[in-house]
Amino acid sequence: MNKIFHQGLLLCVACQLAFSAQAETGSSAVECAKSAGFLVPPDAAGHLNYAPDREVTVLHLSLDVTPDFDHRSVAGKATLQFKPMVKPVQELKLDAVALSIASVTATVKIQAYQATADHLIITFAEPIPADQAASVTIAYHAEPETGLYFRTPKMGYREGDTHCFSQGEQIEARHWYPCFDSPNEKFTSEVTCRVPEGMTVISNGRLVEQAKDAATGLTAFHWSQEQPHANYLITLVAGYFKSLEGRHQAVPLAFLTPPSEFPEATNSFRQTEEIMAFFEREIGVPFPWAKYYQVCVNDFVAGGMENTSATTLTDATLFTDATENIINSEGLVAHEMAHQWFGDLVTCKDWSHIWLNEGFATYYQELFNGHKNGHDALLYDLYNSARHVTGIPNDTNSIVRRNFNAPSEMFGYLAYPKGAWVLHMLRSQLGEELYRRCIQTYLERHRYGNVTTEDLRAVVEELSGRSFDQFFDQWLYHAHYPELEVDYAWNELTKLAKVTIRQKQELSDQVMRFDFPLAIRFKGKFGTTDRVAEVKELAEDFYFPLASEPETVRLDPEYTLLAKTTFDLSDDMLSAQLADQTDVIGRLLALEQLANRQDAETVAKLKETLQRDSFYGVRVEAARALRSIHTGEALAALLDSAKQSDARVRLAVVAAVGGFFRESAGDCMRKVVADEKNPAIKAEAIRDLAAYEQPEIHQLLVNFLNSKSYREELAGAAISAIRAQDDPACIPPLLQALKQRQTDLPSRVFASGLETAGYLARNEDQKDNVREFLIAKVNDPKKLVQRSVFGALGTLGDPKAIPVLDTFAKAAKECPGQAAAEQAVAALRAGRKPVDDFKNLRSEVEELQKANRSLREELEDLKKQVESRKATTPTRKPRS
Ligand SMILES: [Zn+2]
């Protein structure tokens, strides 16, 4: 899935991680709830995760469900066909969380069934022999808190847009139907869903039938997925939608949105056919499913989710023409579609190999960007992801690992951008043609099956005749990347260029010394000379004979190595590198060094680059470098460069000017707010005005609170600026706007308004207004809003809120918002200010971990006690 928003939007799904923007200009990170897992270090007790046993093989799953939109529940019947694999099976244990089981029937005699907190255990009267097919049918009812999500007017969503959607990855499907919820089980499936007239249903595979039932008045949509897939890829989206249709050869395409969002559908759908055509050529395997539909839903739990043949997308990917090229859906659409091969056709056997899904989807999304927008666009993507990866502190986990507490922890920078970089390095070492053959073979060999990292290595070794043990060991089974310190010297007498390469990464059990080929390109009067240094040691000198002293020395000119490199260039080399219009990475690296200088000559060079460079990304980085230099001349250079035809660069210039606090910068922001038509750029200027405290700015922010814009981007920017100003005088107009505009504001904007209200009033003597306003929303049916209310009450610091919060804090752990309420109560009881610093957050996480560990130990102990009572011989308790 995609957690990240591209170009200011969420880029990967369900992946709600730290979102790095695609090679885009400053993207706003969209925080996905699930990604919070990355804060938690691996289980200190050393628990490891493996794929579960498969006592039975599932042959087919049939679901027949009727959603109840009023009560946000679902009634269903699930039929599972299966057969024991090796041994006879008398007990079938299905994943099922909080399902009310009405009945269980089977093709064989059932002795009993038992619903526990998270399983349904069916005991048969006689063992079912190995290889003998049987089936069970479970009638059930569910009011799922997760796995199936409703969006209805009663909850505050628009009239006429009512819908529901499922989300399987990683392990949510068990909350709305009983299943084998692990990626190492693949089977065919069918979904029948009964909805009121006028609604539509999207699910996996092909539509077998759509028929109205005279008795109930409901229309049944019957979808069938005739190729095997993993349980987490089963999807159900039902409700009022409008659709655009298309076709790529024999594959029907569609793009659906809730009716009120349909005007923007074309913008996001536009590239779908081109992306599919590119992937079929690049991958060498035809699109593997019966159709490809993309459905936008309200407040999706991630950026996108690659269900087989029917991707779900966040509606936040929709955009208007006014945004020019700052926001588009290309990256998200490409990412999810790439998953249809990588993740869907072949699926990681367990979550420890999730990079085989996410690394591939990320890399093929980048390859499409390079195909569509030029090779420099691919390089800029790789440059941004390398900066992301090499900027992560304490990077000591390997991409493939088993020491995690929850699968969600695996959906982070290691699986996504670093996984993509590993594929890029593999492709660079194999060459494009051989790499393509390897990937095609890997997919064909394992189609509709499961894969592990070793399956990929085996194909690569077989087709290349080379050993890739070391490559996989250092990049996938060990952590980090080379941190290189490089020196260069020229000897005029011997005509030798000396390049010294030192690896400075801290070595440990997790981090190795790396072996890699490092290409070095010398340019000078002699032309261009390419050489390769085979780096194998922690410190090595390499000598290269050249006809004359080179003008530039470029390490890794084709950008094929993930590394953090320190290589200080002379002024002449920097100038030559910055001017080389054939070398986008060289120019970006030159900008990194120039950003640390403050002289007028450097500012002049950056200004020229900002105004004239051929690639937008270099112009964007030049603006950022000028901001970093932060002199009056640098600001003047930015102000002189504000006219930019490419909106991404214009945005970067405005953001860079916003990084100064000077009269001219403030004037520029005001002018942008008044004149700029592009809402993304205007929003940036509104946020940057926070630094200015004049009464007219206060009024301007209040006006924008009440302004209308697409997805209320400008009101959201005003809320951010008001929070940054931290002026309690803004509380009344903020509350007023929130009261009047709750139904207009997207959930995230409204939630940030609530949090801001609590924050602004935290030091006030009189907190009643804000407290009462927040308490009136504690039962908001939008979970995001409810959680932000609890957070805001904790931040507000008014102990009078404790009795109300307590009623939620003392509810069952599974209740939505319980943890947030408990945290708020703890904050209020401790009489401390809200947790808005990382130190507090970290200590809270540590406390929670401690509590979690001790609970787990107690639970293990209890289990052992229960088991030992059942057993005839005593069981051992492992030493902790
Ligand atoms: Zn993904």
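The basis for the numbers below is simple: all heavy atoms, side chains too, and nothing from hydrogens, waters or symmetry mates. Just so you know, ligand 1 is whichever comes first in the structure, and atom 1 is the first atom listed for that ligand.
Annotation: Y448 is in aromatic contact with W289 [ring centroid separation under 6.0 Å]. Centroid-to-centroid, the aromatic rings of F187 and H60 stay 6.0 Å apart or farther.
Taking the Zn ion (ligand 1) as reference, H339 places its N/O/S atom NE2 nearest. The atom of E358 that is an N, O or S and sits closest to the Zn ion (ligand 1) is OE1.
A donor atom on one side chain and an acceptor atom on the other are found under 3.5 Å apart for R427 and Y363. There is a side-chain donor-acceptor pair under 3.5 Å between H229 and T308.
Residue E336 does not count as close to the Zn ion (ligand 1), with no N, O or S atom under 2.8 Å.
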